[in-house]
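Worksheet for the structure shown next.
None of these values were measured; they are calculated from a predicted model. Throughout, residue positions are numbered sequentially from 1 according to the sequence presented. As the structure lists them, so they are numbered: ligands from 1, and atoms in each ligand from 1. In what follows, every heavy atom counts, from backbone to side chain, and hydrogens, waters and symmetry copies are set aside.
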Amino acid sequence: MQKEEAKLEIQKLSEEIKKHDDLYYNKSAPIISDHEYDLLRKRLRFLEETFPELDAVDSPSHNVGPAKLASFLKVSHKTPMLSLDNAFNKNDMLSFVDKVSKFLGTSTTDIAFCAEQKIDGLSASIIYKNGRLNVAATRGNGYVGEDITSNIVTIKNIPSEITTKKEIVEIRGEVYMPISSFESLNKARNNDGKSEFATARNAASGSLRQLDPSVTASRNLSFFAYYIDDDSYIYQTDILESLRSMGFSVADFETCSNINEIMVSYEKMKQARSSLDYEIDGAVFKVNDLRYQKRLGYSGRSPRHSIAFKFPDEEFRTLVLDIEFSVGRTGVITPVAILEPVNISGVIVLRSSLHNFDEIKRLDIRVGDTVLLKRSGDVIPKIVAVVKEKTAKRAAPLELPRVCPSCGSPLHKNRCINRSSCRDQIVQYMIYFVSRPCFNIEGLGKQQVKDLYKAGILNNPIDIFNLKDFPIHSVKGFGVLSARKLLDSIEKSKRLPLSKFITSLGIEQIGEISASVLAMRFGDVENLMKASIEELQEIDGIGTTIASEVYNFFRNASNTEFVKRLLTYVTIEQENNVGQSAEVQPGKFSGKTIVFTGKLNKITRKEAKQQAVNLGARVSSSISENTDYLVVGEKPGSKLSKAEQVDGITIITEDEWLEEMAKI
Ligand code: IVH
């Protein structure tokens with residue numbers, strides 16, 4: 001072969017490999033097999049070795065992967081992006097209004113609400129620096145999102161510059177895909193033989209989370225703004241008007257001053273729904289006075305000042321073909337109804353989880369029944385009732401299993417406790433263990449976990465960290481490239497924050513939020529393992545059930561053995577404090593444990609607790625050695641006498657507490 005010929009081929013191969021790298025790493029859409037890709041690289045290496053003078057420094061043959069990482073950068077939200085509580089009927093709204101006024105100590109008629117449409121899209125945060133669009137992020141887990149700046153700038157109705165006096169200003173709102181754009185996108189995808197998006201929201205999500213901004217730009221996304229972080233506003237309605245004058249699109253809104261006006265506003269939005277070119281799935285009602293909003297604060301993951309009043313669910317009917325029992329990652333047995341396929345807004349539904357045995361009894365579902373399915377928003381449809389009149393001869397009531405359908409061991413309270421050798425339980429746990437909220441191992445999907453388990457390579461999660469000793473590339477479904485990508489991801493996953501480590505243990509009832517609470521309270525695994533049931537119970541946000549699940553988990557020898565072995569592979573990083581209330585101000589009460597007792601007269605107990613949390617304190621419901629302050633109201637009860645017997649507890653009255661608050 002002549003040098004000229006080789007030069008041309010090297011050029012072609014380099015371009016080809018770069019294209020496949022991009023498709024594989026950035027678009028997650030490879031179009032050739034790993035084997036074919038390896039052949040391209042081999043050929044390129046061969047030519048470069050034969051003609052060393054043609055071996056360019058930037059040849060893709062020198063790269064292990066692409067220059068650009070196949071994921072988005074992470075952005076911490078200055079204040080968490082939480083979610084709204086839902087209301088489904090007038091009663092729920094009445095109790096929302098009632099709670100708000102009780103908290104504030106006002107009459108229900110003193111509070112005005114701003115009524116907005118609930119846009120069915122994806123929330124986004126956009127930061128402007130000196131009036132110029134600087135960073136944009138997805139909601140992510142509420143505390144940390146993904147940097148989607150280059151995609152957000154392609155959305156036409158988002159201004160790249162705004163007039164503002166503040167150096168840094170954050171705007172929040174909803175990115176959505178207009179229904180007309182969604183329909184034409186699906187038509188085009190259908191013509192190209194590509195799969196259609198099930199909902200406009202899915203299409204918006206897929207379009208926003210693109211590593212190539214030109215794809216986002218071609219998708220005609222749009223944005224409605226509803227929030228700005230600027231203390232100088234007094235009303236939510238002022239914020240919305242101001243956002244409009246800054247150049248943002250703002251969906252229709254109005255104010256309501258009582259429950260009747262709330263209901264009228266809700267009905268109006270429901271009527272308008274079908275004439276809009278975007279999906280709305282309810283109305284949002286926000287306390288209009290932002291000073292009240294601030295006082296109301298948050299409870300768990302939702303603000304107390306706002307609520308989403310959802311539109312009624314869509315209903316569908318279908319036939320129950322069978323009822324199966326599946327074993328979950330914590331051994332809980334869940335009945336699953338196998339359905340006659342039904343098309344629900346473009347999604348073919350084949351199964352529906354029945355959650356637990358009581359649900360089967362309550363609904364009295366039997367094989368052969370016609371059932372009513374309900375769906376709200378993106379949620380998978382749920383069976384809500386048996387359609388009696390449609391049911392002819394009914395099958396016998398279902399026999400509930402006494403033994404685990406996977407390993408045959410006897411069930412304890414509908415739970416298989418054979419954690420160490422129940423096949424389905426182990427596989428489900430491993431799938432959970434590698435998922436995003438846990439070790440976040442890329443390249444190890446459900447199917448791969450199942451295949452590697454079947455092949456006897458993965459028998460428990462610890463084996464994942466020894467995969468490097470196996471020729472994984474020779475296992476069905478893997479190639480050199482995917483095996484390398486997997487091992488890289490496993491290596492990376494070994495450094496993780498404590499909260500993720502706790503989430504990964506798969507303790508029943510412990511999800512990301514409770515795990516973060518535990519991580520912040522105990523600081524390291526050893527302290528958590530040693531925690532007494534009392535210590536666990538007194539943590540605000542950890543109920544008695546969760547406390548005993550955690551306590552019992554660490555009293556089981558095979559669990560503690562597993563944790564200890566796991567710790568030999570991983571490095572626990574300093575906890576990232578983004579999960580804490582962003583309004584924490586270090587001060588007299590930061591890190592202190594405060595207990596309230598008795599009736600407070602000047603503010604409600606809830607508001608006092610919120611003040612304490614805002615100051616970085618921990619609010620506990622019982623007195624212990626860890627208590628620092630007891631705030632005493634009227635008729636204090638036994639907590640006061642208990643506190644008097646424990647050393648080091650400062651007892652203060654409601655007035656003294658309010659004086660402290662006034663100093664801040
Ligand atoms: S206010 C604490 N206003 O609904 C969250 N949200 O769970 C405050 N949404 O995540 C959000 N339209 O993505 C607000 N007019 C509106 C909204 C809206 C849609 C979304 C948002 C939020 C979810 C509620």
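The single protein non-hydrogen atom nearest to atom 16 (C) of ligand 1 is Tyr226 CD2, 3.4 Å, given as residue, atom name and distance. Considering only non-hydrogen protein atoms, atom 9 (N) of ligand 1 sits nearest to Glu174 OE1, 3.6 Å. Looking from atom 8 (C) of ligand 1 to the surrounding protein, the closest heavy atom is Leu84 CD2, 3.9 Å. Distance from atom 12 (N) of ligand 1 to its nearest protein heavy atom, with residue and atom name: Ile119 N, 3.1 Å.
Interface of Glu116 with ligand 1, defined as ligand atoms under 4.0 Å from a residue heavy atom, comprises 3 (N), 15 (N), 16 (C).
There is no side-chain donor-acceptor pair under 3.5 Å between Tyr278 and Ser222. Defined by atom type and a distance below 3.5 Å, a donor-acceptor pair is present between the side-chain atoms of Thr330 and Glu508. Side chain to side chain, Ser249 and Asn157 meet the donor-acceptor criterion of an N or O pair below 3.5 Å. Gln236 and Glu116 share a side-chain donor-acceptor pair at under 3.5 Å.
When each of Gln117, Glu241, Lys286 is tested with Phe253 by the rule side-chain contact (heavy atoms from CB on, under 4.5 Å), just one qualifies, namely Glu241.
Put simply, part of Gln117 is less than 4.0 Å from ligand 1, judged by heavy atoms. Residue contact check for ligand 1: Arg172 places no non-hydrogen atom closer than 4.0 Å to it.
Annotation: Val284 places no N or O atom under 3.5 Å from an N or O atom of ligand 1; distance criterion only. For ligand 1, the polar-atom distance check finds an N/O of Lys286 within less than 3.5 Å of one of the ligand's N/O atoms. Checked against a 3.5 angstrom limit, the closest N/O atoms of Pro303 and ligand 1 fall outside it.
Across Leu82, Asn86, Thr79, heavy-atom proximity to atom 2 (C) of ligand 1 is greatest for Leu82.
In summary, the aromatic rings of Phe96 and Phe113 are positioned with their centroids under 6.0 Å apart.
For Ala225, the side-chain contact (heavy atoms from CB on, under 4.5 Å) partners at least two apart in sequence or on another chain are Ile171, Phe223, Leu243, Phe248.
Sorted by first and then second residue, the pairs that involve residues 80-97 and meet side chain to side chain donor-acceptor pair (under 3.5 Å), not counting sequence neighbours, are Asp85-Ser302.
Residue-level proximity to ligand 1 for Lys118 is carried by backbone and side chain together, each with a heavy atom below 4.0 angstrom.
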